[in-house]
Amino acid sequence: MDNIDELIELVFTMNRLTKEGMEHEKGSPSYIQLQALSFVLRQKKPIMKDVAEYLNITPPSATFLINNLIKLGLVKRIYDNNDKRIIRLSISNKGKKELQAGFAKSKQHLHKKLSFLSVKERQSFILILKKISLLVNSKQ
């Protein structure tokens, strides 16, 4: 296994570790629902296609996901005044609270899991993640 293969496997491990911190409890949003809520909040009224592209899922899957968030009262549909065919999405106050709670739970979990790293190791890890984040954000 070369370095890239090892790196890919470690990224998958970090993803599992993050998901583990947001374990789905009955009545609370799942990991992918929290990702969708976060995206809707950051993007300021995206359309369904934007959610599908961001989450790398099919448009029907995005519709199913968002419809469930709407049923839970976490997301609202906003119809465009100029073109009724365009439906934008907005996070509700309840959605913001659920998102904050999910992130708080994940933060607490990851804090425990990453606390064994030294200050220097954490700083290096942050620099690497920021560099990767720039790559991802430049594509959006």
Novice: Do any N or O atoms from the side chain of Asp50 and from the backbone of Ile47 form a donor-acceptor pair under 3.5 angstrom?
Specialist: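 Present.
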Novice: Working to the nearest 0.5 Å, report the span between CD1 of Ile128 and CG of Leu7.
Specialist: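 Ile128 atom CD1 to Leu7 atom CG measures 8.5 Å (nearest 0.5 Å).
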Novice: If you measure from CD on Gln108 to NZ on Lys112, what distance do you get to the nearest 0.5 Å?
Specialist: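 Taking CD in Gln108 and NZ in Lys112, the distance rounds to 5.0 Å.
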Novice: Between Phe12 and Ile4, is there shared hydrophobic-cluster membership here, with clusters defined by ILVMFWY side-chain heavy atoms closer than 4.5 Å?
Specialist: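 The answer is yes; both residues are in one hydrophobic cluster.
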Novice: Closer than 3.5 angstrom, by distance alone: can the side chain of Ser133 be matched with the main-chain N or O of Leu129 as a donor-acceptor pair?
Specialist: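 Pair absent, no side-chain N/O of Ser133 close to backbone of Leu129.
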Novice: Heavy atoms, side chains only, cut-off 4.5 Å: are Lys130 and Ile126 in contact?
Specialist: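 With C-beta onward as the side chain, the pair touches.
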Novice: Got a second to check how far Ile86's CD1 is from Ile78's CD1, nearest 0.5 Å?
Specialist: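 One gets 13.0 Å once the value is rounded to the nearest 0.5 Å.
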Novice: For atom CG of Asp83, is the number of surrounding heavy atoms from other residues, nucleotides or ligands below 6.0 Å larger than 12?
Specialist: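 Counting neighbours around CG of Asp83, more than 12 heavy atoms of other residues, nucleotides or ligands fall under 6.0 Å, so yes.
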Novice: For Lys113, what residues pass the salt bridge (charged side-chain N to carboxylate O under 4.0 Å, His left out) criterion, not counting sequence neighbours?
Specialist: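 Checked Lys113 against salt bridge (charged side-chain N to carboxylate O under 4.0 Å, His left out); matches are Glu20.
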Novice: Indicate yes or no for a side-chain donor-acceptor contact from Thr63 to the backbone of Pro59 under 3.5 Å, with no hydrogens or angles considered.
Specialist: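 Indeed, once roles are kept as given, a pair shorter than 3.5 Å links the two residues.
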Novice: Does the side chain of Asp80 reach to within under 4.5 Å of the side chain of Arg85, using non-hydrogen atoms?
Specialist: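 SC-SC contact between Asp80 and Arg85 ruled out.
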Novice: Can you give the donor-acceptor pairs under 3.5 Å from side chains of residues 88-95 to other protein atoms, not counting sequence neighbours?
Specialist:
unit_1, atom_1, unit_2, atom_2, d
Arg88, NH1, Lys45, O, 3.0
Ser92, OG, Gly73, O, 2.6
Ser92, OG, Leu74, O, 3.2
Ser92, OG, Lys94, N, 3.4
Ser92, OG, Gly95, N, 3.0
Lys94, NZ, Leu72, O, 2.9

Novice: What's the shortest heavy-atom distance between Gln33 and Ser30, and which atoms?
Specialist: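 The answer is OE1-N, 2.8 Å.
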Novice: What are the two closest non-hydrogen atoms of Gln35 and Tyr54, and how far apart are they?
Specialist: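 Minimum heavy-atom contact is O-CE2, 4.2 Å.
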Novice: For residues Leu99 and Leu41, report the shortest heavy-atom separation together with the two atoms involved.
Specialist: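 Result for this residue pair: CD2-CD2, 3.8 Å.
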Novice: Could you report the tightest heavy-atom contact between Pro29 and Leu37, atom names first, then the distance?
Specialist: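 Shortest heavy-atom contact: CG-CD1, 4.4 Å.
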Novice: So how far is it from Ile66 CD1 to Lys76 NZ, rounded to the nearest 0.5 Å?
Specialist: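 Spacing of CD1 (Ile66) from NZ (Lys76) equals 14.0 Å.
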Novice: Assess whether side-chain contact (heavy atoms from CB on, under 4.5 Å) is satisfied between Ser38 and Phe103, documenting all intermediate values.
Specialist: CA-CA 10 Å; Ser38 178; Phe103 279 150; 3.9 Å; yes
Novice: Going by the rule salt bridge (charged side-chain N to carboxylate O under 4.0 Å, His left out), which residues pair with Glu53 if we only count those two or more places apart in sequence or in a different chain?
Specialist: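 Lys49.
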Novice: Going through the distances and angles, do Leu55 and Leu65 end up as a side-chain contact (heavy atoms from CB on, under 4.5 Å)?
Specialist: CA-CA 11 Å; Leu55 295 174; Leu65 173 68; 3.4 Å; yes
Novice: What heavy-atom pair brings Ser115 and Arg122 nearest, and what distance separates the two atoms?
Specialist: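 Heavy atoms only, the tightest pair is O-NH2, 4.2 Å.
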Novice: Would you compute the distance between atom CZ of Phe125 and atom CE of Met14 and round it to the nearest 0.5 angstrom?
Specialist: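 Going from the CZ atom of Phe125 to the CE atom of Met14 covers 4.0 Å.
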Novice: With rounding to the nearest 0.5 angstrom, report the CD1 to CG distance, Ile32 to Leu69.
Specialist: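 Going from the CD1 atom of Ile32 to the CG atom of Leu69 covers 10.0 Å.
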